[in-house]
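What follows is a short report on a single structure.
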Amino acid sequence: MVGGLVLSQAQHQVGIAATSPAQAQAAEQAAFRGRDHRAPCASLDEARKAHARHVKLGLDRSPRHARPLLAACALAADWPGSMAYAASIFAALDDPEAFDYNTLMRGYVAGGGGGGRDPAAALRLFVDMVDDGVEPDSYTFPFVFKACAQLGALQEGRQLQGHLVKLGFQRDEHSQNSLISFYGKCGEADLARRAFEQMEDDEQTTASWSALLAAYTRAGRWAECVESFGAMVRAGWRPDESSMVSALSACAHLGAHDVGRSIHCALLRNTARLNTFMSTSLVDMYAKCGCIENAAAVFDAMDDKNAWTYSAMVSGLALHGDGRKALEVFDAMVREGHRPDAAVYVGVLNACSRAGLLEEGLRCFDRMRLEHKLTPNAQHYGCMVDLMARAGRLDDARALIGNMPTGPTDTAWRSLLNACRIHGNLELAERALQELERLGATNAGDYIILSDMHARAHNRDAAAARRTEAVDRGLAQAPGYSAVEVHGATHRFVSQDRSHPRADDIYEMLHQMEWQLRFEGYTPDTSELALDAGEEEKRRVVAAHSQKLAMAFGLLSTPEGAPVRVVTNLRMSKECHAYSALISEIFGREIVVRDRNRFHRFKRGACSCGNYW
DNA sequence: CCTCCTAGAG
């Protein structure tokens, strides 16, 4: 759980460095293309001619003379073959200095010449440098760490850290920052944190924090990312764009809507115009936090959308079950000339399966292969299995699993299993479970689905057997919980939970809710509950379901008319769905529930999913 | 003359 206090403090203090991203980006691009006013040539041909003149005059062996040409060739964005030429200019030098090694290494890690990166070549060059007895300078290590990061060479990087200390660069902020970043890219958040903490307070910069936040985000440690973001703000730093992008990404995964929104507010106060990175992160954050309208508003206001932006919007709409709109956005993406990639097709196919758009989904799958020449991967097949199975075409779905070129995956069988639950096909469900067992990929939830299905079919013994089987196999079930965000703090509930300080009020509220619902003619449906107990007991259990506890607390501690946002790791049950829809009507509240797959938004008695999920 | 950081995926 995310500490509520930490977050709410962060919210009020967020500010940002006043920069002009467009200018900075333009300058960076111009410099990289070698079109800087200092650049001695505008093409590889001109560089060759200039170098030939040097050779004639015997100046090609002098680093001072060769340097501008070396840099131009090593850093050109689109001069095919220029990296090899840069290497030959370098090789002709009599006494290359650290600067010259740095330039060539920089070219290798940046993919100079436009021909792709070559981090291994950069590392080899560093080894040469050490062998030749040339002392690295403070610019050297950042390039070498970057090369290690690109190679995922954790061991080499750690050795390099020792080297860095020996040479006395452990107080150099750029070398340290690139060390943090290197650990982050290797997925080693703890080592990144340690490198960060080894820096003195006055050596740390915004870039150090930003590398740390990126390390947490990359490792999937989102709560720690948001916590560190709060710490950064409390320590008086103004987060720069990349820190905010990392923090927003973490908020998106956590569903930490309030923190995400406070970052957006700070941006609106301090920045004239958001760049593509920032806006895309905001689109993703709002969509994953349940505010699809805000996501759409940010998206619509952008005039510099790229493929990532469309992709975030498409998968956001998929998450909310708005398949039609997702397809429209996808069409706009193609119309605007962006080439769809594998990721956006995951979003598109997902949108179709969640919205039950069978024909459209099948068409997209064809279009992906025929028009956009993409080879579907296991994820795409998983979406198609899900699409067909949910729509009731269980046998077709099963046949598709058999035809997967990548071989059947557990997610594909699990999609089928879930669809069997929806459509009540016990026989095929058993088969899917067998296949999951064969893959050695069963989890507790799979056995529970089977157990529930047997219970509904009144096979009491089989139901009990499936339940014990999960335990016998040592499969732990993640405890089900539901959480609600109130004033930036997250309150978490499990079923029948009485541990909250306001438990009495919450249960009183539940009682009120139940009472009102019954007045409207609602009776709790306990048929999904696989519990060997009397009807009264079953009703008691259903009534204190964690989603309802979270909803009750949300209703009672947020102002009249405000939306209630619940996040749960459970699957939305039919009973809870009907219950939430009625509550939204009776209390005049919008209720947004993020379950383990998607969002349900209840408004005036209806859900955005149109009862298809 | 150069360096740190950043977004999407059943």
Review point. side-chain hydrogen bond (donor to acceptor under 3.5 Å, both in side chains) with Gln198(A): which residues, sequence neighbours excluded?
Key: none

Revision key, fill the gap. For Ser175(A), the side-chain hydrogen bond (donor to acceptor under 3.5 Å, both in side chains) test, sequence neighbours excluded, returns Asp172(A)

Among the candidates [options], find the nucleotide nearest to the side-chain atoms of [X].
| X | options | answer |
| --- | --- | --- |
| Pro142(A) | dC4(B), dG10(B), dT6(B) | dC4(B) |
| Phe277(A) | dA9(B), dA7(B), dC4(B) | dA7(B) |
| Ala207(A) | dT6(B), dC4(B), dC2(B) | dC4(B) |
| Asp137(A) | dT6(B), dC2(B), dT3(B) | dC2(B) |
| Asn306(A) | dA7(B), dG10(B), dT6(B) | dA7(B) |
| Val245(A) | dC4(B), dA7(B), dG10(B) | dA7(B) |
| His253(A) | dC1(B), dC4(B), dG8(B) | dG8(B) |

Can you tell me which residue pairs pass the salt bridge (Lys or Arg N to Asp or Glu O under 4.0 Å) test with a partner in [range], sequence neighbours excluded?
| range | result |
| --- | --- |
| residues 202-220 of chain A | Arg171(A)-Glu203(A) |
| residues 308-317 of chain A | none |
| residues 327-356 of chain A | Asp331(A)-Arg367(A) |

For atom [atom1] of [X] and atom [atom2] of [N], their distance in whole Å:
| X | N | atom1 | atom2 | answer |
| --- | --- | --- | --- | --- |
| Met285(A) | dT6(B) | CE | C1' | 15 Å |
| Tyr139(A) | dC1(B) | OH | P | 7 Å |
| Met232(A) | dC4(B) | CE | C1' | 12 Å |
| Asp304(A) | dA7(B) | CG | C1' | 13 Å |
| Ile180(A) | dT6(B) | CD1 | P | 12 Å |
| Gln379(A) | dA9(B) | CD | P | 9 Å |
| Tyr381(A) | dA9(B) | OH | P | 22 Å |
| Glu97(A) | dC2(B) | CD | C1' | 14 Å |

**Study point:** Pairs satisfying side-chain hydrogen bond (donor to acceptor under 3.5 Å, both in side chains), at least one member in residues 309-321 of chain A, at least two apart
**Key:** Thr280(A)-Thr309(A), Asn306(A)-Thr309(A)

Check your understanding: Does Asn350(A) make a side-chain donor-acceptor contact with the base of dA9(B), cut-off 3.5 Å?
Key -> no

Check your understanding: Can a donor-acceptor pair under 3.5 Å be found between the side-chain atoms of Ser311(A) and the base atoms of dG8(B)?
Key -> yes

Review point. How would you list, by chain and number, every residue that makes a ring-ring contact (aromatic ring centres under 6.0 Å, His included) with His51(A), sequence neighbours excluded?
Key: Tyr85(A)

Exercise for review: Identify, with sequence neighbours excluded, every residue that meets ring-ring contact (aromatic ring centres under 6.0 Å, His included) alongside Phe277(A).
Suggested key: none

Just checking [X]: base, sugar-phosphate only, or nothing, at a heavy-atom cut-off of under 4.0 Å?
| X | answer |
| --- | --- |
| Arg67(A) | base |
| Ser281(A) | sugar-phosphate |
| Ser249(A) | sugar-phosphate |
| Phe141(A) | nothing |
| Thr205(A) | nothing |

Study note, to complete from the structure: Read 5' to 3' with Watson-Crick or G-U pairs under 3.5 Å, [ ] for crossing pairs and | for partners on another strand, DNA chain B gives ..........

Exercise for review: Can you establish whether the number of heavy atoms outside Glu197(A) located under 6.0 Å from its atom CD is more than 12?
Suggested key: yes

Revision key, fill the gap. Sorted by chain and residue number, the salt bridge (charged side-chain N to carboxylate O under 4.0 Å, His left out) partners of Glu173(A) (sequence neighbours excluded) come out as none

Exercise for review: Could you tell me how the ring of His372(A) sits relative to the ring of Phe330(A): parallel (under 30°), tilted (30 to 60°) or perpendicular (over 60°)?
Suggested key: perpendicular

Exercise for review: Residues of residues 182-200 of chain A with any non-hydrogen atom less than 4.0 angstrom from an atom of DNA chain B: list those, numerically ordered, please.
Suggested key: Lys185(A)

Check your understanding: Got a sec? Which of residues 334-348 of chain A come in under 4.0 Å of DNA chain B, heavy atoms?
Key -> Asp341(A), Ala343(A), Val344(A), Val346(A)

Check your understanding: OP1 or OP2 of dC4(B) less than 4.0 angstrom from a side-chain nitrogen or oxygen of Lys146(A), does that happen here?
Key -> yes

Review point. Counting only side-chain N and O atoms of Lys288(A), is one of them less than 4.0 Å from OP1 or OP2 of dA9(B)?
Key: yes

**Study point:** Salt-bridge contact Arg194(A)-Asp190(A) (side-chain N to carboxylate O under 4.0 Å)
**Key:** no

Review point. Between Phe182(A) and Lys146(A), is there a cation-pi geometry (under 6.0 Å to ring centre, at most 45° from the normal)?
Key: no

